[in-house]
Every structure is written in structure tokens, then in C-alpha cells.
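A quick note: this is a predicted structure, and the numbers were derived from the prediction, not measured.
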Amino acid sequence: MKFRGKIVDTNCIHHFSNVVNTISKLVKTCIMRITEDKVFFILSERVNDGGAQIWCELPQSHFFDEFAMEGVSAESNEIYLEVAPDLLVRSLRTAHSAKWVKVKLTKKNFPCLTIEVDLPSGSVHQRLVIHDIPVSVVARKHWPDFTEPEMPRFDVSIAMPQMRLLKNVVDKMKNLSNYVSLSANNSGEMKVSVETDMASISTHFQNLFNPSWNKDNTQTQAPMSQDRDPQEFATSRVDIRRFAQFLNSQQVNPDRVICNVVHHRMLHFFLLHDDVSLQYFLPVVSR
């Protein structure tokens with residue numbers, strides 16, 4: 001197996017760092033999947049046991065000026081690595097003013113992702129910072145555990161309000177309860193609520209956008225046609241700390257965040273950017 005990528009554009013270096021930083025705020029370890037045309041960051045916990053799932057994909061051509069990889073075989077031309085994203089974040093902190101950043105799969109005494117950062121120098125000598133990040137190579141037999149989750153059959157799809165505003169609301173609510181209920185309907189309304197023995201508190205948002213979806217899970221601009229009453233709310237009750245963690249993790253400034261509500265089963269968040277997509281699956285918690 002071989003992998004080598006080089007990022008030269010300063011904006012791409014910062015953007016790649018922000019994506020990794022977002023992932024690091026959500027998980028301690030994840031799977032980094034490398035293919036010929038994309039790089040993925042994957043978390044696949046058992047949803048039935050209350051675990052979350054993450055699927056983030058980056059087209060390599062949007063980030064890397066040079067990109068070369070050889071997978072485990074010609075038939076299975078992919079690489080799966082278990083990595084701690086926080087270690088990636090630390091190594092990329094030195095790249096703020098870098099001329100370029102290289103990411104390579106190397107083998108020292110153990111498999112590593114080696115990060116090379118070329119920093120500006122006032123002399124003719126090169127200032128090269130090298131970080132070796134330990135990784136574990138995932139065996140081919142375990143690859144099926146990290147396939148893309150299917151888009152759930154949701155009851156309501158709605159564009160989220162401004163993330164900073166929602167984050168402030170949820171951060172205050174998490175001091176009151178361990179759980180939060182998110183409800184939405186097809187009339188552009190969303191409410192976030194918590195219940196305690198003493199009170200029930202809700203924050204309402206109106207005039208939000210309800211996107212429509214094609215059969216291939218791409219968005220359309222056509223009006224939605226739903227069998228359900230547009231005023232009827234779909235609701236899922238989730239762990240408020242996980243929800244707050246998701247809201248506080250965002251570093252990529254997405255163009256839009258879509259929330260798909262599967263009534264009493266799941267919240268599916270879809271972050272959309274011109275060169276990054278991130279899906280976050282948060283299952284309900286039972287009372």
C-alpha cells in the first residue's frame with residue numbers, strides 16, 4: 001500500500017485543517033478511507049445501541065495538488081486506516097503559514113501518517129516540520145463495517161436555522177436536561193424543547209426552508225409533495241450533549257445544514273459545502 005498527497009494552496013490547507021478539526025470535536029478515533037478520487041472520514045457505531053454515525057467525504061482533486069495511492073490490490077484499490085483526528089489537528093497547527101503540506105503513509109516501527117510541513121524561512125535553508133502519527137491498517141475483511149449509511153426514509157426535511165443561534169439555545173438547555181427534542185414540519189417550522197419536572201421549555205423557529213429530494217437523494221428546487229399534513233410535526237428525542245457537541249464542532253462554515261427527522265427514530269444532519277459533505281446520524285434515546 002502507498003499513499004502520498006501534497007497540498008500547496010493556502011486556502012486548501014486551511015480548509016482541510018478545518019474539516020479535520022470538525023471531525024476531531026466529534027470523535028476520538030475514526031476511519032480514514034483513501035480511494036483514487038476521494039478521502040473519507042468515517043465513524044460507524046451501532047445505532048441500535050445509541051451510537052452515532054459520521055460520513056464525511058472530500059474530493060481529493062479539490063484539496064491536493066499531487067495525489068498518488070495504491071490500495072491493497074488492483075481489485076480493491078483502497079486504504080482504510082484507523083486514526084486519531086486530534087493528532088492530525090495538532091500536526092496541522094504548524095501549517096498556518098506553510099508553503100505546502102505533504103501527507104504520506106509510512107512505516108517506521110509501526111504504520112504512520114507522516115505530515116511534512118514546509119514553513120517560510122528567511123534564509124536559503126528549508127524549515128521542514130515532520131509529524132509521525134501512529135495509525136492502524138484496517139484489514140480487508142472489516143471494510144464492510146464502514147460502508148456509507150443509507151439515507152433514512154425521513155418524515156420531514158428542513159434547513160437548520162443559523163448554527164450559532166441554535167448552538168447558544170442548546171448550550172443553555174443542556175444545563176436543564178440530558179435530552180432534547182427536535183421537532184419540524186413541512187411548513188418551515190422547527191422547535192427545540194426540553195422537559196424537566198418543573199417546566200417545559202421550547203424555542204421556536206419559523207420561515208425555514210423545506211428542501212425536496214430526488215430518488216437519488218439529491219436536492220431539487222421543486223415544491224415538496226408530502227402525504228402528511230404540512231402542519232404536522234415529526235419529532236425525535238436525542239442526547240442533548242451529543243447534539244450540542246455536533247453544533248459546537250462546526251469549523252467548515254457550511255453553505256447549508258439540512259436536518260432530516262425520522263419520527264421517533266433518528267435525526268440525520270447533512271452539511272453541504274461546495275467541496276465537502278458531512279452526514280451525522282443521531283439516534284433517539286428511549287425514555
Side-chain angles (χ1 to χ4, degrees), residues 22 25-27 43 45-55 149 151-213 219 223-224 226-272 278-287:
T22 295
K25 293 179 182 296
L26 293 171
V27 298
L43 172 70
E45 298 177 338
R46 291 178 59 87
V47 173
N48 292 338
D49 295 337
Q53 291 182 300
I54 295 172
W55 183 269
M151 174 84 81
R153 291 180 60 86
F154 49 82
D155 296 285
V156 172
S157 182
I158 194 164
M160 300 278 280
Q162 188 180 55
M163 296 289 278
R164 183 178 299 177
L165 175 61
L166 186 58
K167 179 182 77 70
N168 291 338
V169 169
V170 174
D171 281 345
K172 293 175 182 177
M173 286 182 169
K174 73 180 181 183
N175 296 321
L176 303 173
S177 175
N178 293 325
Y179 311 105
V180 61
S181 294
L182 190 150
S183 305
N185 63 19
N186 288 322
S187 293
E189 298 174 298
M190 173 186 288
K191 58 183 177 180
V192 180
S193 56
V194 295
E195 292 184 9
T196 70
D197 294 336
M198 302 294 294
S200 177
I201 302 168
S202 297
T203 299
H204 295 252
F205 301 91
Q206 296 180 324
N207 302 318
L208 302 177
F209 173 66
N210 291 108
S212 297
W213 297 83
Q219 290 187 60
M224 292 186 71
Q226 296 279 351
D227 294 334
R228 64 186 293 119
D229 182 347
Q231 303 294 325
E232 181 183 356
F233 281 89
T235 303
S236 280
R237 179 175 178 263
V238 298
D239 186 306
I240 195 168
R241 299 197 180 276
R242 286 227 177 190
F243 186 37
Q245 184 184 43
F246 167 74
L247 295 173
N248 281 282
S249 70
Q250 302 313 313
Q251 304 290 318
V252 296
N253 297 319
D255 299 324
R256 178 173 292 169
V257 181
I258 304 298
C259 176
N260 297 322
V261 185
V262 187
H263 190 51
H264 292 333
R265 283 189 53 211
M266 179 189 297
L267 295 178
H268 170 234
F269 300 99
F270 208 134
L271 279 71
L272 305 173
L278 188 152
Q279 298 181 66
Y280 186 62
F281 299 78
L282 193 56
V284 299
V285 289
S286 59
R287 294 183 181 274

Asn185 side chain to Glu232 backbone, donor-acceptor under 3.5 Å: no
Ring geometry between His268 and Phe270 (parallel below 30°, tilted from 30 to 60°, perpendicular above 60°): perpendicular
For the student: nearest non-hydrogen atoms of Val261 and Ala184, plus distance: CG2-CB, 4.3 Å
Validation row: Ser236, Leu182 side chains within 4.5 angstrom (heavy atoms): no
Over all atoms of both residues, closest heavy-atom pair of Leu282 and Ala52: CD1-CB, 4.4 Å
Pair Arg241-Tyr179, side chain to side chain contact (heavy atoms under 4.5 Å, CB included): steps then yes or no: CA-CA 8 Å; Arg241 299 197 180 276; Tyr179 311 105; over 6 Å; no
Cation-pi geometry met for Lys191 and Phe233 (6.0 Å, 45°): yes
Nearest-0.5 Å distance, OG of residue Ser177 to CG of residue Asp197: 9.5 Å
Inter-residue atom distance Arg265.CZ - Arg153.CZ, 0.5 Å rounding: 10.5 Å
Partner of Thr235 under side chain to side chain donor-acceptor pair (under 3.5 Å), chosen from Ser183, Ser193, Ser181: Ser183
Closest non-hydrogen atom pair between Arg256 and Phe209, with its separation: NH1-CE2, 3.4 Å
Test log, rule side chain to side chain contact (heavy atoms under 4.5 Å, CB included), inputs Leu267 and Val238: CA-CA 8 Å; Leu267 295 178; Val238 298; 3.8 Å; yes
Spacing of Leu247 atom CG and Met160 atom CE [to the nearest 0.5 Å]: 5.5 Å
Donor-acceptor contact present, side-chain Asn210 to main-chain Ser157, <3.5 Å: yes
Side-chain heavy atoms of Ile54 within contact of Val27, under 4.5 Å: yes
Donor-acceptor contact present, side-chain Asp155 to main-chain His263, <3.5 Å: yes
Stepwise side chain to side chain contact (heavy atoms under 4.5 Å, CB included) check, Ile201 with Leu176: CA-CA 9 Å; Ile201 302 168; Leu176 303 173; 3.3 Å; yes
Phe243 side chain near Val170 side chain, heavy-atom distance below 4.5 Å: yes
Any side-chain heavy-atom pair of Gln231 and Glu189 under 4.5 Å: yes
Approximate separation, where rounding is to 0.5 Å, of Ile258 CD1 and Leu271 CG: 9.5 Å
Exam field: side chain Thr196 to backbone Met198, donor-acceptor pair closer than 3.5 Å: yes
Over all atoms of both residues, closest heavy-atom pair of Ile158 and Met190: CG2-CE, 3.5 Å
Evaluation steps, side chain to side chain contact (heavy atoms under 4.5 Å, CB included), between Ile240 and Met173: CA-CA 8 Å; Ile240 195 168; Met173 286 182 169; 3.8 Å; yes
Pairwise side-chain contact, Lys167 with Asn248, heavy-atom cut-off 4.5 Å (strictly under): yes
Check: Val156 and Phe154 side chains under 4.5 Å, non-hydrogen atoms: no
Residue among Trp55, Phe246, Phe281 satisfying ring-ring contact (aromatic ring centres under 6.0 Å, His included) with Phe269: Phe246
